[in-house]
S.K.: 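Provided herewith is a single structure, encoded as structure tokens, for subsequent inquiry.
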Amino acid sequence: MFKTIKSKTLFQKSLTIFLLAMTAVMFSSAAMSVQSLRGDRPLDSKSNKVSKHKVNTEEGGYDRNYKLQPPLIPHKIEKYRITLKGNGCLKCHSKKSHKKEKAPMVGKSHFIGRDGKETKTISKRRYFCNQCHAPQTKDSPLVENVYEGI
Amino acid sequence: MGLFSKEGTFKVLFFGFVMGVIFWGGFNTVLEMTNKEAFCISCHEMEDNVYQEYTDTIHYSNRTGVRATCPDCHVPKEWIHKIIRKIQASNELYHKLMGTIDTREKFESHRLELAKHEWARMESVNSRECRNCHDFESMDFDKQESRSSDRHEEAIDNGWSCIQCHKGIAHHLPEGYDPSDDSPSASEDEEKDE
């Protein structure tokens, strides 16, 4: 009795092995090609560590690399809000207050309007400071930078 | 055994004493209860506006895990100052009933006024509530940015108070307040914005 079953299942057995092998290949190649942003890690395990990107404070400011470069911001900025109601950066960088706050005044170019005429208060084109100025973190660059300033 | 007999006097005094303890205890318990953040934000006027903004700031969550809650900044610690502030605060109840700031729009349009009250109060007590936690004496100026320590040295020399420079640290600043008009200075070398 045992023997008859065995001969019958020989075909079934090889088919199962074949199918198992196929699924294994499918899954392993799927895992290799599809990867989430958190890396090739199971959902219930911790993700890879990311570096912290702490904002750097550079006393005296960063050197500029070319003429008319918007200078990099040498201090933290998360406390200062720029909204329609007000601009926190102008607490220190405006014409009125920069001396008292011992901060550099915004560039002269920040008082030129769209029509090329000088404006009394800061030009609307220069209101959103972080459009052009950015703080820096201390991370090492992903790609070596060979640019030399002029 | 009249009221004015020796024993009667004793009873009255004793009764008075017991009631005193009960009221005093109850009073202080209420005082304690109304001095919690949960109480402050039980009014949506407080929770929807100022509280939401505060949760984004350093006094809500920071490197060292020390939190400053609403009463830490807004309610004096010493008993007598606390009572006075609580009595003033009954004004908030009135405005709650009147719905003075019960929408975001109403809140924003009243905000400058409310902030001015708070600034005036803090300035009048030399930012006492800030100084319950912070103190120039215990600041290590070498560890601060020079932006900070330069101004702090000036502040010590001139007797300026924290709130003169640190407005809007816990909530958004109100519309109509221009920070560049408001930095204290020792000399009068202000440059006018013609």
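So that the names make sense, note that chain A is the first sequence line, chain B the second, and so on, each numbered from 1. Reckoned from all heavy atoms, side chains included, excluding hydrogens, waters and symmetry mates.
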S.K.: So, do B:Cys162 and B:Arg131 sit near enough that their side-chain heavy atoms are less than 4.5 Å apart?
M.R.: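 Contact flag for B:Cys162/B:Arg131 side chains = yes.
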
S.K.: Using non-hydrogen atoms and a limit below 4.5 Å, what part of residues 85-92 of chain A faces chain B?
M.R.: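 The stretch touches chain B at A:Lys85, A:Asn87, A:Leu90, A:Lys91.
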
S.K.: Can you spot which of B:His134, B:His74, B:Lys77, B:Arg121 makes a side chain to side chain donor-acceptor pair (under 3.5 Å) with B:Glu129?
M.R.: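 Testing each of B:His134, B:His74, B:Lys77, B:Arg121 against B:Glu129, the sole residue satisfying side chain to side chain donor-acceptor pair (under 3.5 Å) is B:Arg121.
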
S.K.: Using non-hydrogen atoms and a 4.5 Å limit, figure out which bit of A:Lys102 sits close to chain B: side chain, backbone, both or neither.
M.R.: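 For A:Lys102, the side chain is the part near chain B, not the backbone.
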
S.K.: For the candidates B:Glu145, B:His172, B:Glu175, which exhibits the highest count of non-hydrogen atom pairs separated by less than 4.5 Å from chain A?
M.R.: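 Of B:Glu145, B:His172, B:Glu175, B:His172 has the most heavy-atom pairs under 4.5 Å with chain A.
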
S.K.: Taking the side chain from B:Asp135 and the backbone from B:Glu137, do they hold a donor-acceptor pair closer than 3.5 Å?
M.R.: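 Yes; judged by distance alone, with no hydrogens or angles, the pair exists.
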
S.K.: Where on B:Asp178 is there a heavy atom nearer than 4.5 Å to chain A: the side chain, the backbone, both, or neither?
M.R.: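 B:Asp178 touches chain A through side-chain heavy atoms alone.
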
S.K.: Between A:Val55 and A:Pro135, which heavy-atom pair has the shortest distance, and what is it?
M.R.: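 Answer, listing the atom of A:Val55 first, then A:Pro135: CG1-CB, 4.1 Å.
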
S.K.: For residues B:Glu47 and B:Gln52, determine if any side-chain heavy atom of one lies less than 4.5 Å from a side-chain heavy atom of the other.
M.R.: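 Touching, per the 4.5 Å side-chain cut-off.
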
S.K.: So with a 6.0 Å cut-off around CG of B:Asp140, is the heavy-atom count from everything else above 12?
M.R.: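 Buried by this count: over 12 neighbours within 6.0 Å.
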
S.K.: Do other residues, nucleotides or ligands put more than 12 heavy atoms under 6.0 Å from the CD atom of B:Glu78?
M.R.: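 It does: B:Glu78 CD has more than 12 such atoms within range.
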
S.K.: What distance separates A:Cys132 SG from A:Gln69 CD, expressed to the nearest 0.5 Å?
M.R.: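 Taking SG in A:Cys132 and CD in A:Gln69, the distance rounds to 11.0 Å.
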
S.K.: Tell me, side chain or backbone of A:Glu59 under 4.5 Å from chain B's heavy atoms, or both, or neither?
M.R.: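 Just the side chain, heavy atoms under 4.5 Å.
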
S.K.: Using a 6.0 Å cut-off, check whether atom CD1 of B:Ile156 has over 12 heavy atoms from anything other than its own residue.
M.R.: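 Yes, because the 6.0 Å sphere around CD1 of B:Ile156 holds more than 12 heavy atoms from other groups.
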
S.K.: Are side-chain N/O atoms of B:His152 and B:Gln144 paired as donor and acceptor at under 3.5 Å?
M.R.: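 Yes, a side-chain donor-acceptor pair sits under 3.5 Å.
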
S.K.: Taking the side chain as C-beta and beyond, is there a heavy-atom pair between B:Arg151 and B:Pro184 under 4.5 Å?
M.R.: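 Yes. Closest side-chain heavy atoms under 4.5 Å.
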
S.K.: Are there residues of residues 87-118 of chain B that reach to under 4.5 Å of chain A by heavy atoms, and which ones?
M.R.: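 The residues closer than 4.5 Å to chain A, in numerical order, are B:Glu108, B:Arg111.
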
